[in-house]
Each structure stands twice: as C-alpha cells, then as structure tokens.
Amino acid sequence: MIIGVAKEIKNNENRVGLTPAGAEDLCRAGHTVLIEKNAGIGSGFSDESYAQVGATIIADKKELFDTSEMIIKVKEPLMPEYELFHEGQILFTYLHLAPEPELTKALLEKKVIGIAYETIVGRNNSLPLLSPMSEVAGRMAVQIGAQFLEKPWGGKGILLGGVPGVESGQVVIVGGGIVGTNAAKMAVGMGARVTILDKSTERLAYLDDIFGGRVTTVMSNSYNIAKWVKQADLLVGAVLIPGAKAPKLVSEDMVKTMEAGSVIVDVAIDQGGSVSTIDRITTHSEPTYTKHGVIHYSVANMPGAVARTSTLALTNSTLPYALQIANKGWKQALIDDAGLARGLNVYDGKVTFKAVADDQNLPYTPVTAVLS
Ligand SMILES: NC(=O)C1=CN([C@@H]2O[C@H](COP(=O)(O)OP(=O)(O)OC[C@H]3O[C@@H](n4cnc5c(N)ncnc54)[C@H](O)[C@@H]3O)[C@@H](O)[C@H]2O)C=CC1
Ligand SMILES: CC(=O)C(=O)O
C-alpha cells in the first residue's frame, strides 16, 4: 500500500502521525511510505531520519495526497485540506466529527474512508488510540491551570498546593475517565484539594480505591456539579460520550458563581466542550479568554504542545492498527477486528458511526452493512 504522512497545519500542532521507527516497520512489510517534507520536525524527527529507513520525502502536499492510498495524520483535516482527498482514500487520524458538520460533509462528498482514532475500541471497552493523548492532556490540564491561576496570567493568585498555614487550591474535575484520572494524579501530586464527579458509580469506586482517600468522589448530577463548580479554583472538563458531542454539564449560571480569576480548562472541547460559556476553540497562540471574570482555556490539540512525548505515545498505539490496515486492506482489517471496525465513521458518502449521524441529523449506515 502507498501510505502518505501529512504535515499537520493546525495552530502549533507539532505532532506527526508516524515516527521513523514506524516508517521502518511499514517499509519492511513491503509498503511505500511517503513523508511530507518537514512533517516530523516539530517532534524532533528530521526528513533524513525517515529517508534512512526507506521512506520517500515529498515536498508537494497535493502530490502526497494524490499518490497515497492511505493518509496518516494526527488531527482532523482543516478546510484547506478538504479538497486534497480523493474517492476511496483511507484517512487514519483523529476526526472528532460530531461537532464538525462542515468536515463531515467534505469527507462524505469526497467519499473518503474515514477511520477515527478516537472511536476505535480495545479490550474492556477501552479507547486505545484516545487514551495516550488523554493521559497527556489530563496531566497538562493541571499544569496549565496552575499557570493561569498565577496573577501575571490574569488568575486570582493562588498556589494550587498552598503552603503550611495556608489552604491549598480546589481542583474540580468533571469526568473521571483517562483525562480526569491523569488530571487528578497531577493535582494530588501538587498538594491541591481534588474532587472528581462522574456518573458511573463503578468509576467513582475505582477512583476512590486508587487514590486511597486523597480525592473526593461525587456522583455527577446538576445539583452536585453546581455545588462544586462554585468552589473550584480550577475546573477541568473531562467528560466523554464516545463519538458524540460532549454534554454541556456546566451552565453559564454555574460559571457565574465561580470567583473572579478562577480557571476553566475544558479538555472535552475536541468533542464540542462541556461548559456552556466555552463558545470558541482557542489555540496555543491565544489559549484563553475571560468571561464572567473566569479564565477559559479551550485548546483542542493540547498534546501538540508537548509533541515529542505525544508523538511517541500516540504512535506506540496507532502503528499496530496502521500495519493491519496496510497489510490486509482496510476492509479485511475491520472484518478481523470488531474494535477497529468501530473506528469507521464515514465510508462511500455514508455516516457509519451512529452518534455522529444522530448529532448531525444524517442517515446512519451500520458498519456491518458496509463490511458484509
Ligand atoms: N483538548 C485536547 O487536546 C484533548 C481532548 N481530549 C478529550 O477529552 C475528553 C475525555 O477523554 P477521556 O478521559 O479519554 O474519556 P473517557 O471515556 O476515559 O472518560 C470520560 C468519562 O466521562 C464520564 N462521563 C460521561 N458522562 C458524564 C456525565 N454526565 N457526568 C460526569 N461524567 C460523565 C464517563 O463515565 C467517563 O468516566 C474527550 O472528549 C477527549 O476527546 C483528549 C485528549 C486531548
Ligand atoms: C485527542 C485529541 O483531540 C488530540 O490529541 O488532539
């Protein structure tokens, strides 16, 4: 198979979809690997390091897209990339289609085979290609929140860990999955007071066990969310309903009860955001805006800022799937792995992921109908 690795164009997106180690594995398996010039630079991988393992460097983005049977990326395509795809091309990347009707329309019109990292399912219903970046973003959420709580960054001027004789800051995390757990790890490590809300009693019990009483676990409902949002110095949005738009769990009225200079980091922004006052996606260049006196951070590609770590973590998980798709062809790979088949979001002008179809009022075609 001819596999093209595109350079990311999103603001400060420094990750790349394939490392030289991955390129070597694909070349060894008999595939042709094309790397867009400088695609790996932001993650510390030179063009030469790819060329040395047998990949070909392509300077022209259009030529790369025209030639490749499968495009490997990190982030969802942006407007200038829409026209580059062709019918029957496999796109293996994060897609986050539910809140993106324009992108969905473009991929349907081009009849792209869109396999989304974030909806592929692994053992025990895990999300193996979302988890590594959720680990990164969850950990980042607290270090970013801590920074914006500092006075020079517009915050209320508190140290999350406090000091002897002065109480520590309150971190409230809505959603206790991978992002929530990793945010809690960092916040507990800093010495903050930490409360996690989730709607799964099983998850709350797990969190209570692993943190050994160092976090407060609370059932997520609007009464409890309102109570805890009011006390939050740092609020982290970390909910997910896989593939669907994030539920708006934190209302504008709740945000108004927060003290001025508090901070919201809505990690769930890539699925549309879980806080009603988050009305835009921000960028690493301009990561925050202030509303009702509260600093809002809503960057949809947080791991792009720590690209070296993130690229290695992401590709550790994506490469085995990329190899399956390349070795067997996309259809056989999906037939052989029902979890991988859950990644298929669009095919031949049809939406094949129910939550995306429902959120966008589009007809739904089950993956089974496509694979039979
Ligand atoms: N902004 C960024 O750069 C990044 C964003 N993300 C996003 O972060 C979000 C969270 O991802 P993960 O932690 O991996 O998901 P996850 O599936 O591990 O966890 C989600 C949690 O939300 C809980 N939940 C669902 N509905 C809820 C409700 N009504 N109230 C409270 N909890 C509820 C679930 O029970 C689950 O524990 C996703 O949207 C993901 O795409 C992940 C990585 C990077
Ligand atoms: C998951 C995601 O949106 C990211 O890593 O950018």
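Counting starts at 1 for both ligands and their atoms, following the listed order. The figures that follow rest on heavy atoms only: side chains count, while hydrogens, waters and symmetry mates do not.
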Where His284 and Met302 come nearest, the two heavy atoms and their spacing: CE1-O, 3.5 Å
Using 4.0 Å as the upper bound for N to carboxylate O, is an ion pair formed by Lys110 and Glu87? no
Looking at Arg15 and Glu8, is there a salt bridge between them, counting it only when a charged N and a carboxylate O are closer than 4.0 Å? no
Charged N to carboxylate O under 4.0 angstrom, Lys37 versus Asp60? no
I need the single residue from Lys10, Glu118, Glu81 that forms a side chain to side chain contact (heavy atoms under 4.5 Å, CB included) with Glu76. Which is it? Lys10
Are Met258 and Val275 joined in one hydrophobic group, where the rule is that I, L, V, M, F, W and Y side chains link up if heavy atoms are under 4.5 Å apart? yes
Side-chain ion pair, Glu135 and Arg139, N-O less than 4.0 Å: no
When you measure from the centre of the six-membered ring of Tyr289, is the NZ or CZ of Arg280 under 6.0 Å away and within 45° of the axis? yes
Check each N or O atom of ligand 1 against all protein N or O atoms and list the pairs under 3.5 Å, with atom names and distances to 0.1 Å, one per line.
from: ligand 1; atom 1: 1 (N); to: Val267; atom 2: O; distance (Å): 3.0
from: ligand 1; atom 1: 1 (N); to: Val299; atom 2: O; distance (Å): 3.1
from: ligand 1; atom 1: 3 (O); to: Ala300; atom 2: O; distance (Å): 3.2
from: ligand 1; atom 1: 3 (O); to: Met302; atom 2: N; distance (Å): 2.8
from: ligand 1; atom 1: 6 (N); to: Asp270; atom 2: OD2; distance (Å): 3.3
from: ligand 1; atom 1: 13 (O); to: Ile178; atom 2: N; distance (Å): 3.1
from: ligand 1; atom 1: 13 (O); to: Val179; atom 2: N; distance (Å): 2.8
from: ligand 1; atom 1: 14 (O); to: Ser134; atom 2: OG; distance (Å): 2.7
from: ligand 1; atom 1: 18 (O); to: Ile178; atom 2: N; distance (Å): 3.0
from: ligand 1; atom 1: 22 (O); to: Leu240; atom 2: N; distance (Å): 3.3
from: ligand 1; atom 1: 30 (N); to: Ser220; atom 2: OG; distance (Å): 2.7
from: ligand 1; atom 1: 35 (O); to: Asp198; atom 2: OD1; distance (Å): 2.7
from: ligand 1; atom 1: 35 (O); to: Asp198; atom 2: OD2; distance (Å): 3.4
from: ligand 1; atom 1: 37 (O); to: Gly177; atom 2: N; distance (Å): 3.4
from: ligand 1; atom 1: 37 (O); to: Asp198; atom 2: OD2; distance (Å): 2.7
from: ligand 1; atom 1: 39 (O); to: Asp270; atom 2: OD1; distance (Å): 3.1
from: ligand 1; atom 1: 41 (O); to: Asp270; atom 2: OD1; distance (Å): 3.1
from: ligand 1; atom 1: 41 (O); to: Asp270; atom 2: OD2; distance (Å): 2.6

Contact set, ligand 2, heavy-atom distance under 4.0 Å, ordered by chain/number, equals Arg15, Lys75, Tyr94, His96, Leu130, Met133, Asp270, Ala300, Asn301, Pro303
What's the separation between atom CG in Asp208 and atom OG1 in Thr201, rounded to the nearest 0.5 Å? 12.5 Å
